[in-house]
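The next block holds one structure in the form of structure tokens; read it before the comments.
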Amino acid sequence: MLSSEHVPSIFFNKSRSIDETNLYDGDIDEGGANKTPYDIIEHDVTTLAKANNLPPPDSFDALQLGSERLRTIIAALHCNILVRKEDLVRNLDYIANILEAVHQDETRRLMEEDDGALSEIEPDSVPNEVRDWLAMTFTRSMSTIKRRPSDKPKFKSVAQAIRAGIMVDRYLRRLSIDIKFKTINEWTFDVFSVNEFTSGQCLRYVGFELMQRYNLPNKLHISITALNNFLEQMESGYSKYRNPYHNLIHAADVLQTTYQIIYNSGLMNWLNDHELFAMFIAAIVHDFEHTGTSNNFHIQSRSDVALIYNDRAVLENHHVSAAFRLMRIDDYNILSEFTPEEFKNFRHLVIEMVLATDMSSHFAQLKTMKSLLSMPENIEKSKALALVLHSADISHPGKPWSIHYSWTESLMEEYFKQGEKEKELGLPCSPLCDRDNTLVAESQIGFIQYIVEPSFVVMGDMLEKILKSLSVPDSELPSPSIPAKSIASSPSPPPSPKSSNDSNHQHDEDNGRERKPSSMTTPLPRLTIVRRPWIEYLKENRERWIREAEEEKRRKELKVIEEEP
Ligand SMILES: [Zn+2]
């Protein structure tokens with residue numbers, strides 16, 4: 001039974017109590033024709049007593065029901081309709097539970113939002129340092145970089161940016177734990193095993209590692225998302241024709257070798273961040289979408305690219321052009337924050353470097369550099385970097401035998417495949433492309449002796465001349481400069497322990513992760529001798545091929561004797 005003493009006086013202005021029968025059937029006025037707002041509220045009040053089968057407070061349905069009941073209570077208060085105390089308490093209690101559940105849920109959501117997709121990373125999978133780096137990259141790129149009004153946002157979305165960051169982190173984490181990557185500063189870096197442990201993605205790993213090592217994405221405001229996308233596209237471009245040799249492993253190899261040369265020689269100090277970046281990108285793109293066939297094959301078969309580039313540096317033009325066309329697309333645009341001047345310089349350097357990898361310009365390039373070496377003037381950066389890239393491109397005979405041998409096998413296989421294509425097309429078989437008649441050992445001896453060795457001699461001399469120009473004023477630069485040396489007759493003296501330590505010091509003192517600010521005005525120790533680790537390997541490999549050639553010859557002679565009747 002209800003009575004007025006159960007409810008506070010505020011409910012009593014209309015001295016009407018709620019009929020017990022109305023509480024449960026809800027049928028006040030069947031016809032509804034005479035219903036007043038008061039009747040409707042009074043009817044709604046009866047629902048407050050219905051406590052069975054209420055949805056759980058943390059469910060979505062509870063939100064709607066709770067707000068309806070709260071409105072009923074307010075309306076009843078306004079109209080002085082009596083509500084039973086226990087119904088009032090039970091309903092207010094239920095509504096309070098709903099609000100608490102909403103609050104908890106919302107707090108959790110906000111926390112997750114703050115953390116973003118970073119929360120997807122397993123706590124023990126990413127070092128704190130990397131997390132900090134991610135957060136720093138994200139914040140800087142979103143708020144502190146001045147953006148021109150016409151520029152599009154750096155990242156398409158927060159989620160996308162963070163996803164890219166997570167990928168970078170995964171790369172870095174794997175890189176940091178793998179001992180193989182510790183040799184990235186070494187001439188003997190084994191790109192094949194790195195390719196294996198990165199599941200065939202060594203180009204993007206080496207690319208990211210080097211960019212990060214010099215903090216280039218941050219310094220040059222390069223979108224991590226775009227860089228990630230760009231490197232992925234590079235890898236797929238290199239995989240397009242399934243080349244045994246001109247594939248993403250070769251690109252990663254040339255990238256690391258280029259880096260090793262400028263790191264080891266100290267040429268790094270001659271380059272600003274934009275030039276270093278251009279050097280890396282040139283190495284990365286230098287054989288992009290290589291068809292596994294030579295320029296001559298394109299010219300002879302009158303391919304589309306040969307027609308586009310009028311038979312001149314056909315593939316090299318394609319590599320660099322295709323890469324720049326890719327960078328024009330927002331998703332792959334790693335240059336979006338470059339000023340027009342920076343873009344112009346970057347483009348000039350990359351074009352110069354990649355076009356100079358055209359083997360047909362090899363002798364002209366060496367001749368030009370030799371004459372520059374004999375003059376007192378400083379060497380033009382684009383020419384110097386172009387020779388470094390070209391040398392790195394043909395460097396495998398200067399690497400340890402196992403690495404060099406693998407490259408030789410791959411290159412020969414690619415040549416033989418071209419030979420087969422030429423046969424199919426009725427074209428004459430190109431030199432070294434006949435699977436049945438090529439003397440592999442002999443070809444390598446010639447390659448080392450006439451191409452690789454002379455290139456590395458000139459490049460080594462060039463590096464020394466540049467170093468000299470960095471360490472002494474131009475006026476003191478001797479003229480004519482260092483004469484080109486022959487590896488066989490006068491190998492470079494090994495660096496003194498002191499100078500070798502000095503040359504590594506600036507990289508080692510901070511784990512090689514960060515270099516000293518580079519500029520031409522940076523005072524440098526008087527280091528003018530460049531370590532030339534390739535000399536020994538070229539010599540060893542050549543001797544090995546000579547032995548192989550003798551055996552090859554013996555095998556052939558035996559075969560001839562066996563075949564005689
Ligand atoms: Zn190449």
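Numbering of ligands and ligand atoms starts at 1, following listing order. If you read the sequence from its start, that first residue is 1, and numbering goes on from there. Remember, it's a predicted structure, so these values are computed and weren't measured experimentally.
Residues E464 and R532 are paired through a salt bridge, judged by an N-O separation under 4.0 Å between the basic side chain and the carboxylate.
Between H250 and H286, the gap from one ring centroid to the other is short of 6.0 Å.
Between the side chains of K399 and T257, a donor-acceptor pair is found at a separation under 3.5 Å. In this structure, a donor-acceptor pair under 3.5 Å is present between the side chains of N295 and E316.
Distances from the Zn ion (ligand 1) to each N, O or S atom of D287 single out OD2 as the nearest.
The Zn ion (ligand 1) has H250 among its coordinating residues (N/O/S atom, backbone or side chain, under 2.8 Å).
Note: angle at the Zn ion (ligand 1), from NE2 of H286 to OD1 of D393, is 90° (rounded to 10 degrees).
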